2 protein chains.
Amino acid sequence: MAEPTRPMRRHEIRRENEKAILVAAEKVFAEAGFGGATMQLIADLAGLPKANLHYYFATKEELYRSVVQNIFEIWLQAANCFDAARGPIDGISAYIDAKMEISRRHPDGSKVWASEVMHGAPVLQDYMESTLREWTDGRVEIIRRWIEEGKMDPVDPRHLLYMLWAATQHYADFGHQIETLNGGKPLSDRQWREAKENIKRVILTGIGARPA
Amino acid sequence: MAEPTRPMRRHEIRRENEKAILVAAEKVFAEAGFGGATMQLIADLAGLPKANLHYYFATKEELYRSVVQNIFEIWLQAANCFDAARGPIDGISAYIDAKMEISRRHPDGSKVWASEVMHGAPVLQDYMESTLREWTDGRVEIIRRWIEEGKMDPVDPRHLLYMLWAATQHYADFGHQIETLNGGKPLSDRQWREAKENIKRVILTGIGARPA
DNA sequence: TTGCAGCCTGACCGTATGGTCAGCTTTCAG
DNA sequence: CTGAAAGCTGACCATACGGTCAGGCTGCAA
């Protein structure tokens, strides 16, 4: 064997196994939902015995919680695009790009997140009432300022945000439908680019965004 | 008792029980997903013994299939708004109104549909490859004609449709999130109206829709 | 009135699942 | 080198779930 099963450091093992479990769990939760997912399936996909999962994550709920929180982190990072912007064209463009990239690179995570919210956010309720609300209020304020400064038409900021979330998230959550309507093939690079451009163009034109 | 347990006609019984089961099932499937839903819960909610469910619907899968097909019917009906229209302003406005009404009146159904698609449409794959595809192709053709006739800017019809689906469906699927961000209260009549108006305005402006 | 087809259901069953645990191996600080 | 802590796992358990069925009940056509 070229690979002499080099021994692993403790923390290395821990990190790698947790990672493998989280990746597998994200996929299984996305495909089957919380109720339909089984620890056995996740274990198989992660290449570990089921009992080992319970060594790292005591219960299915705890594992699910970790998966959901991971997604929330990624989601929040993308949200920062808004801050650096000087006006709606920069800010909203960057945000759409970031969220579309998430839809493309983390479709499973997006689905888990969608599923969680659809089922009443049993795990994330706290985050939604604190972090998410604060983030949203902040962005609403930014948009309101843009409107005051005449950088865009007076559009309800909340409904605009919902539209941004919806339009971008759709490409992950309903990816299967889009793929089916695309002749059963995943969107190509070009099609993803077109999707992004379309959303940007329609929304930015739609809100009458003007250069700072 | 004022209610002398009037006897029921046979077909009446059948109709009412099936209806009760389908209503209960829609709610439970929406709240818990297919895997998380249990026949017992559905039975309790419908006020029937579990064994009775299996008399009307042999398996959980069959019951689920019925629920999903019901939604698909409603969805298709709304889709007709497009046809009578003379231009994008009429057509897209009417479609947004219809789909928003579905999101408001049938949030559970919308969630079940979303869940079905997210999990790869195990039940609806056939419909998606036939009915849905035909419907979509038809609407794409209509939009293309509107563009040719100069009634709107040249926007990719498919991505426009996805945006319409996303923006409207979002208010059902992510209703819990929207409610949380709305101070924990459901959207009021006025807020629903504002939501509709906002979507219409942004999209119609965004695609440069011009009166026929 | 009667027979029967459709309707109803308590009790039951096999299975799959989340979770436990005793006891093993491996790593590594001292 | 050594002991203990961390990592690992096959075998096991209790439960909950989807589904079955024998047998009772009821509306209704003849």
Side-chain angles (χ1 to χ4, degrees), chain A residues 1 3-22 24-68 112 115 119 122-123, chain B residues 3-22 24-29 31-68 112 115 119 122-123:
Chain A
M1 286 291 184
E3 192 85 19
T5 37
R6 97 201 110 101
M8 279 197 189
R9 306 288 165 86
R10 278 267 167 81
H11 65 89
E12 201 179 357
I13 289 178
R14 174 147 225 129
R15 208 162 27 85
E16 287 199 10
N17 279 348
E18 280 180 352
K19 180 75 181 173
I21 293 169
L22 285 171
E26 182 175 288
K27 185 165 187 201
V28 174
F29 282 134
E31 282 175 1
F34 177 81
T38 73
M39 294 298 269
Q40 188 62 64
L41 220 78
I42 295 171
D44 291 348
L45 196 62
L48 296 169
K50 191 184 65 157
N52 209 348
L53 258 67
H54 283 96
Y55 175 72
Y56 286 104
F57 300 91
T59 67
K60 190 182 175 186
E61 275 81 6
E62 190 184 316
L63 175 55
Y64 174 73
R65 186 185 301 267
S66 295
V67 170
V68 170
V112 174
S115 199
H119 297 355
V123 162
Chain B
E3 193 84 17
T5 39
R6 94 202 113 99
M8 279 195 189
R9 306 288 166 87
R10 278 268 165 78
H11 65 90
E12 202 179 356
I13 290 178
R14 172 146 227 133
R15 208 162 27 87
E16 287 199 10
N17 280 347
E18 280 180 351
K19 180 74 182 175
I21 293 169
L22 285 171
E26 182 175 288
K27 187 167 185 198
V28 174
F29 282 134
E31 283 174 1
F34 177 81
T38 71
M39 295 297 268
Q40 188 62 64
L41 219 77
I42 295 170
D44 291 347
L45 197 62
L48 295 170
K50 192 185 66 159
N52 208 348
L53 259 66
H54 283 97
Y55 175 72
Y56 287 105
F57 300 91
T59 66
K60 191 182 175 186
E61 274 81 7
E62 190 184 315
L63 175 54
Y64 175 74
R65 185 185 302 268
S66 295
V67 170
V68 169
V112 174
S115 199
H119 297 356
V123 162

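None of these values were measured; they are calculated from a predicted model. Within every chain, numbering begins at 1; the chains are lettered A, B, ... in the order of the sequence lines, protein sequences first and strands thereafter. Atoms considered below: every heavy atom in the structure, side chains included; atoms not considered: hydrogens, waters and symmetry mates.
For a distance-only test at 3.5 Å, the side chain of K50(A) qualifies as a donor-acceptor partner of the base of dG18(C).
Backbone-only contact: A37(A) has heavy atoms under 4.0 Å from sugar-phosphate atoms and none from a base. Among the protein residues, E61(A) comes within range of the sugar-phosphate backbone only, with heavy atoms under 4.0 Å from sugar or phosphate atoms but none that close to a base. Within 4.0 Å of Y56(B), counting heavy atoms only, lie sugar-phosphate atoms of the nucleic acid but no base atom.
For H54(A) and dC13(D), the NE2 to P distance is 17 Å, given to the nearest whole Å. Whole-Å rounding puts the E12(A) CD to dT27(C) C1' distance at 12 Å. Atom CZ of F57(B) is separated from atom P of dG18(D) by 15 Å (rounded to the nearest Å). Separating the CG atom of L53(B) from the C1' atom of dT9(C) is a distance of 12 Å, rounded to the nearest angstrom. Atom CD1 of I13(B) and atom P of dG6(C) are 14 Å apart (whole Å). As rounded to whole Å, 12 Å separates atom P of dG10(C) from atom CG of D44(B). Remark: C1' of dT20(D) and CE of M39(B) are 13 Å apart, rounded to the nearest angstrom. For the pair L63(B) CG and dG19(D) P, the computed distance is 10 Å after rounding to whole Å.
Minimum interatomic distance between Y56(B) and E18(B) (heavy atoms only, all atoms of both residues): CD2-CG, 3.8 Å.
Contact annotation: Y55(A) reaches the phosphate of dG7(D) (side-chain N/O to OP1 or OP2, under 4.0 Å). Here R14(B) reaches the OP1 or OP2 of dC7(C): one of its side-chain N or O atoms lies under 4.0 Å away.
The aromatic rings of F34(B) and F29(B) sit parallel to each other, their planes meeting at less than 30°, with 60° as the upper class boundary.
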Take L22(B) and L63(B) through the side chain to side chain contact (heavy atoms under 4.5 Å, CB included) test and state the conclusion after the steps. CA-CA 8 Å; L22(B) 285 171; L63(B) 175 54; 4.0 Å; yes
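Minimum atom distance to the side chain of A51(B) is reached by dT9(C), of the listed dG19(D), dT9(C), dC8(D). The side chain of P49(A) lies closest to dT9(D) when the candidates are dT17(C), dT9(C), dT9(D).
Heavy-atom distances to DNA chain D give each of N52(A) and A58(B) a nearest nucleotide, and the one nearer the 5′ end belongs to N52(A).
Side chains of E16(B) and E12(B) form a contact here, defined as non-hydrogen atoms less than 4.5 Å apart.
Residue K60(B) places its NZ atom among more than 12 non-hydrogen atoms of other residues, nucleotides or ligands, all under 6.0 Å distant.
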